Amino acid sequence: MSIDTHDLIAPADQQETAQVTADSGDQAAPAAATPEAEAVQAPAEPTGPTFASLDLPAPLMAAIDELGFITPSAIQARAIPELLAGRDITGVAQTGTGKTAAFGLPLLAAVDPALRKVQALVLAPTRELAMQVADAIESFASKMDDVRVLPVYGGAPYIPQQRALRDGVHVVVGTPGRIKDHLDRGALKLDDIRFLVLDEADEMLRMGFAEDVEEIFGQAPTKRQVALFSATMPPAIRKVADHHMTDPVQIAVTRQASTVTAVRQTYAVVPFRHKVGSLARVLATSDADAAIVFTRTRGAAEDVGSALIEKGISAATISGDVAQKEREKIVERLRSGALDVLVATDVAARGLDVDRIGLVVNFDVPGEPEAYVHRIGRTGRAGRTGEALTFVTPHERGKLRSIERTIRAQLEEVDIPSPRDVSAHQVKRALGKVEARREAGRLDMYTEMIRTYA
Ligand code: AMP
């Protein structure tokens, strides 16, 4: 049986609860689940706002309609009116909350299609996220007059990107390093920027893009609107917000709702030497369509990937060592269903957005609690439910506590399936097909085979 899915992400009144505070200088945006966040949490609305009440321009409404979005998600309901009113915002929200539309729609509302200059710039930490965000913005712009959106990222040739920039684009979505290169070469000018977005800001800084981001802000006009989104709000991000944003409205979508309700979070105590065997049994008994397994190092990712293959589980590994092209191919196979298990390091899996992932296994406890949040964000996407299982060796219980403190939730301890559970699962699966075989008139063959074997 596959996991329960919903077509649409939950509307604002059923999904996360959001909380908005006007900035009061020192009171920087609380991380999603701080005590302050709960204290001033907005009351649950009996009926959530509609897209019509958000005052978006008609072409954007038409695109929303075509995309099948019915009700704004919490982050959209809070962020869109503030951004349309010209305010800067900081949003604490993870992927899967609808944050791309939360900034993408107001960004397009600020763009003048008649002016063929770059008017909006979105910075994203990875090539995958840049492509994904550019695609989403393009789909929101589908009913506008010829608005061009260009993704730019490293690892791809400069010339086509330069040519596209020269021909005139309205929105650029890119990784900070490559954006900075285009600025240095004079291919990109920020003089007409009205809207600047930092998406997954914490990842961007963690990946060492702080200097590039500073440089980019320095070249943008001072009169511009800024939206900053981040799954977590460490001091380094608050500093960026303090330096570059004007009196930002702070919006936090409580993490409880976006992860806890969508993702069942569990852990199992597994001695190091039993990890591979345990993983194989977890995968063999999981009902998820696809799974992603996180390891701390590239070496471990390779070892675990090979061990799974030896055990007859078709798995692929992506680490920083795997070339970009190859990584894309593997992700595509995962998306299409040709591959069900991906073993990855944190770096390799950044921005990975595959709806089929119903299970995240932390083969190694993540180094920092923030990485945990990002890892489990790979499941429970687009309104689906997911499960996250973390392997903890007996002496790593302290790390587990620190994760629980960060997410302000407790992980549920579970047992690793036994070899007997695996057999039972296989039998259950085989028996699940009996009805279809009977209907197809092919049950006789199986009864005969079982009789022979018995
Ligand atoms: P994001 O968090 O921006 O990556 O969005 C997660 C997924 O939710 C994407 O597949 C969006 O197309 C979808 N989505 C965003 N907003 C809505 C909405 N209001 N209603 C339904 N689906 C949405």
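Just so it is clear, the model here is predicted, and its values are computed rather than measured. In each ligand, atom 1 is the first atom listed, and ligand 1 is the first ligand listed. Residue numbers start at 1 and run along the sequence shown.
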Trainee: Does Thr71 approach ligand 1 within less than 4.0 angstrom via side chain, backbone, both or neither, non-hydrogen atoms only?
Mentor: backbone

Trainee: Looking only at non-hydrogen atoms, which of Ala77, Ala74, Gly98 approaches atom 1 (P) of ligand 1 most closely?
Mentor: Gly98

Trainee: Check whether any heavy atom of Ile64 sits under 4.0 Å from an atom of ligand 1.
Mentor: no

Trainee: If we only count N/O pairs under 3.5 Å, is Thr97 in contact with ligand 1?
Mentor: yes

Trainee: Can you tell which of Phe140, Phe51, Phe69 gets a heavy atom nearest to atom 12 (O) of ligand 1?
Mentor: Phe69

Trainee: For residues Leu54 and Leu84, report the shortest heavy-atom separation together with the two atoms involved.
Mentor: O-CD1, 3.2 Å

Trainee: Can you tell which part of Gln132 has a heavy atom less than 4.0 Å from ligand 1: side chain, backbone, both or neither?
Mentor: neither

Trainee: In chain order, what residues pass the ring-ring contact (aromatic ring centres under 6.0 Å, His included) check against Phe209, with sequence neighbours excluded?
Mentor: none

Trainee: Run the salt bridge (Lys or Arg N to Asp or Glu O under 4.0 Å) check on Arg356 and Asp340 step by step: do they pass?
Mentor: CA-CA 9 Å; Arg356 292 181 65 241; Asp340 292 335; 2.7 Å; yes

Trainee: Look at Asp242 together with Arg238 and state whether they make a salt bridge at an N to O cut-off of under 4.0 Å.
Mentor: no

Trainee: If you compare all heavy atoms of Arg333 against all heavy atoms of Ser336, which two are closest, and at what distance to 0.1 Å?
Mentor: O-OG, 3.2 Å

Trainee: Would you mind running through ligand 1 and noting each atom that sits below 4.0 Å from a heavy atom of Thr100?
Mentor: 1 (P), 3 (O), 4 (O)

Trainee: Could you state the interatomic distance from CG (Leu228) to CE (Met245), rounded to the nearest 0.5 Å?
Mentor: 5.0 Å

